[in-house]
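Take a look at the structure set out below.
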Amino acid sequence: MGIKANIIELFENYNELSVVEITKQLNVSKQSVHLCMKQLLDESIVQKYGKVPVTFYKLIAPHHPNTDSIQIQLREEEKNTIASYTMLSPSGELLYGIEAMKYFCKLHNKGLHEHVKLYVAERTRLNRIKDTSGLINGHNHFRQLVGISDYEINDLYHVDHKYVGNLGNSQLGTLIDLAKTVQHEALFEQIIHAIKKQIVNFIYMSDFDAVAFVPPTIPREKQLMKVLEEGLSIALPKVVIHKVVNQIPVAQKSLSLKEDRKTNAENSFMIPQQPKYKHLLLIDDVMTSGATLNTIALKIKRKKIAIKITGLTVLLDNHVAF
């Protein structure tokens, strides 16, 4: 057996090891061990934990020589499509593209070739839903969700779907869920980088004369909506939306009934009197039922602050809406 195979056998016996421990166990040079560990990391066989001076490695999953070495030939179109596939390893490392897919398939015992084909087909289908602006025009679906007799949003767009069918989150879906949970600065920066150009171009091609950002309902140290407001730097007057501080904040996504979501939104936001505009852009992070956007739009129109309101969300929760 070579050094690499011996290292894998050590991991199967000891579960976690440092480079120093491997060197002593096999009586080989550190240079040889570091070279093998780099290969095992590249092949997603082991995961590195910690930072110098305290680091160690563990097997990601039981080693199967017949599957770990699988090479997959992709067309250029497929490579471009799966480049956005994103996963977070348990150790906090973001994986992209084919490496993320290999990791996912290894964890869930799925075939890599089949997973790639399914992902490319579903991602291609979802991309066809986008219009010439590169955004999803969700107005017709919004009317079906809210009810055609009482919708207040005049137009509605989404940057992307939250899910790629049943194959997991889209890249933006993954980044937003992680950013909210772990509050990591780099994740917020990635989100802004991914959406800013598209949103700025959309605004440039439209006739908006004001913008408003939906305030977050759940307290967090770093709020995505505040990051969006600062990062997008939209040079339009801002319509103020006040978040009402209730005794126990209730997240919209925790409510399953449409009427409960509507009631929660009605009691969670207040619109003060302010200057009047012709066309307002109302921005939120994720749309699930449409209750928050529609209720805020209704409150704004009651105060006669805007004649026309276009909603824009970063994500559409397509498990609910589509």
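The model shown is predicted, which means the values in this text are computed figures rather than measured ones.
Atom CG of Asn13 has more than 12 heavy atoms from other residues, nucleotides or ligands within 6.0 Å. The number of heavy-atom neighbours closer than 6.0 Å to OH of Tyr14, taken from other residues, nucleotides and ligands shown, is 12 or below. By the 6.0 Å contact criterion, CG on Asp131 is enclosed, its count of non-hydrogen atoms from other residues, nucleotides or ligands being greater than 12.
Both Leu236 and Met225 belong to a single network of hydrophobic side chains, linked directly or stepwise wherever heavy atoms of I, L, V, M, F, W or Y lie under 4.5 Å apart. In the hydrophobic clustering of this structure, Tyr157 does not group with Tyr163; members are Ile, Leu, Val, Met, Phe, Trp, Tyr whose side-chain heavy atoms approach within less than 4.5 Å, directly or through other members. Both Val182 and Ile192 sit in one connected hydrophobic cluster of ILVMFWY residues. Membership requires side-chain heavy atoms under 4.5 Å apart, directly or through other members. If you chain together hydrophobic residues whose side chains sit under 4.5 Å apart, Ile296 and Leu298 never meet in one group. Taken together through direct or relayed side-chain contacts under 4.5 Å among Ile, Leu, Val, Met, Phe, Trp and Tyr, Val54 and Leu41 form parts of separate hydrophobic clusters.
Using a 4.5 Å heavy-atom cutoff, the side chains of Phe208 and Leu312 are not in contact. Side-chain contact between Ser170 and His161: absent, with no pair of heavy atoms (C-beta onward) separated by less than 4.5 Å. Contact check for Phe104 versus Leu95: no side-chain heavy atoms found under the 4.5 Å cut-off. Leu17 is not listed as a side-chain neighbour of Ile7, based on a closest heavy-atom distance of 4.5 Å or more. Taking 4.5 Å as the limit, every side-chain heavy atom of Val164 sits out of range of all side-chain heavy atoms of Tyr85. Proximity of Val159 to Thr313: side-chain heavy atoms (C-beta onward) are nowhere separated by under 4.5 Å. Contact check for Asn127 versus Thr81: no side-chain heavy atoms found under the 4.5 Å cut-off. At a threshold of 4.5 Å between non-hydrogen side-chain atoms, the residues Thr295 and Phe269 do not count as touching.
Closest non-hydrogen pair, Cys36 versus Ile3, comes out as SG-CG2, 3.7 Å. Nearest heavy-atom pair across Cys105 and Gly111 is SG-O, 3.9 Å. Taking every heavy atom of both residues into account, Asp209 and Leu280 meet most closely at OD1-N, 4.4 Å. The heavy-atom pair separating Ile271 from Val240 by the smallest distance is CG2-O, 4.1 Å. Of all heavy-atom pairs spanning Leu224 and Lys180, the tightest one is CD2-CE, 3.9 Å. Closest approach of Thr55 to Ser18, counting heavy atoms only: O-CB, 3.7 Å.
Residue pairs satisfying the salt bridge (charged side-chain N to carboxylate O under 4.0 Å, His left out) criterion with at least one member in residues 25-40, sequence neighbours excluded, are listed as follows: Lys38-Asp42. Among pairs with a residue in residues 195-207, those fulfilling side chain to side chain donor-acceptor pair (under 3.5 Å) read Asp207-His279, at least two apart in sequence or across chains. Evaluation of the side chain to side chain donor-acceptor pair (under 3.5 Å) test over residues 222-242, restricted to residues two or more places apart or in two chains, returns Glu185-Lys222.
Listed for the Asn294 side chain is a donor-acceptor partner under 3.5 Å among the backbone atoms of Glu152. Formation of a donor-acceptor pair under 3.5 Å by the Gln274 side chain with backbone atoms of Pro272 is found in this model.
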Margin query: Checking Ile176 against Asn169 for the side-chain contact (heavy atoms from CB on, under 4.5 Å) test, could you report, in this order, the C-alpha distance in whole Å, the side-chain angles of both residues, the deciding distance, and whether it holds?
Written below: CA-CA 10 Å; Ile176 285 178; Asn169 282 11; over 6 Å; no
>> Checking Ile203 against Leu232 for the side-chain contact (heavy atoms from CB on, under 4.5 Å) test, could you report, in this order, the C-alpha distance in whole Å, the side-chain angles of both residues, the deciding distance, and whether it holds?
In response: CA-CA 11 Å; Ile203 293 171; Leu232 293 175; over 6 Å; no
Would Tyr119 and His115 count as a ring pair (Phe, Tyr, Trp, His ring centres under 6.0 Å) if you check the C-alpha gap in whole Å, the side-chain angles of each, and the deciding distance to 0.1 Å? CA-CA 6 Å; Tyr119 182 87; His115 193 64; 7.0 Å; no
Pair Phe11, Ile45 - check side-chain contact (heavy atoms from CB on, under 4.5 Å), show working.
CA-CA 10 Å; Phe11 276 112; Ile45 294 173; over 6 Å; no
**Request:** Starting from the C-alpha separation in whole Å, work towards a yes-or-no answer on side-chain contact (heavy atoms from CB on, under 4.5 Å) for Asn6 and Glu9.
**Result:** CA-CA 5 Å; Asn6 284 329; Glu9 187 176 21; 4.2 Å; yes
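To the nearest 0.5 Å, atom CG of residue Leu175 and atom CZ of residue Phe188 are 11.0 Å apart. Note that CG of Leu187 is 6.5 Å distant from CD1 of Ile191, once rounded to the nearest 0.5 Å. The structure places CG of Asn137 at 8.0 Å from NE2 of His158, a figure rounded to the nearest 0.5 Å. Rounded to the nearest 0.5 Å, atoms CZ (Phe213) and CD1 (Ile234) are 4.0 Å apart. Here Lys162 contributes atom NZ and Leu172 contributes atom CG; the two are 11.5 Å apart, rounded to the nearest 0.5 Å. Taking CD from Glu99 and CD from Glu43, the interatomic distance works out to 9.5 Å, rounded to the nearest 0.5 Å.
Partners of Asp155 according to the salt bridge (Lys or Arg N to Asp or Glu O under 4.0 Å) rule, which considers only residues two or more places apart in sequence or in another chain, are Lys308. Partners of Thr86 by side-chain hydrogen bond (donor to acceptor under 3.5 Å, both in side chains), not counting sequence neighbours, listed by chain and number: Gln171.
One finds no salt bridge joining Glu114 and Lys117 here, because no Lys/Arg side-chain nitrogen approaches an Asp/Glu carboxylate oxygen to under 4.0 Å. No salt bridge links Glu21 with Lys24; every basic N to acidic carboxylate O contact stays at or beyond 4.0 Å. A salt bridge links Arg123 and Asp160; the closest N-O separation between the charged side-chain nitrogens and carboxylate oxygens is under 4.0 Å.
Through side-chain heavy atoms spaced under 4.5 Å, either directly or across other Ile, Leu, Val, Met, Phe, Trp or Tyr residues, Ile307 is tied to no other residue.
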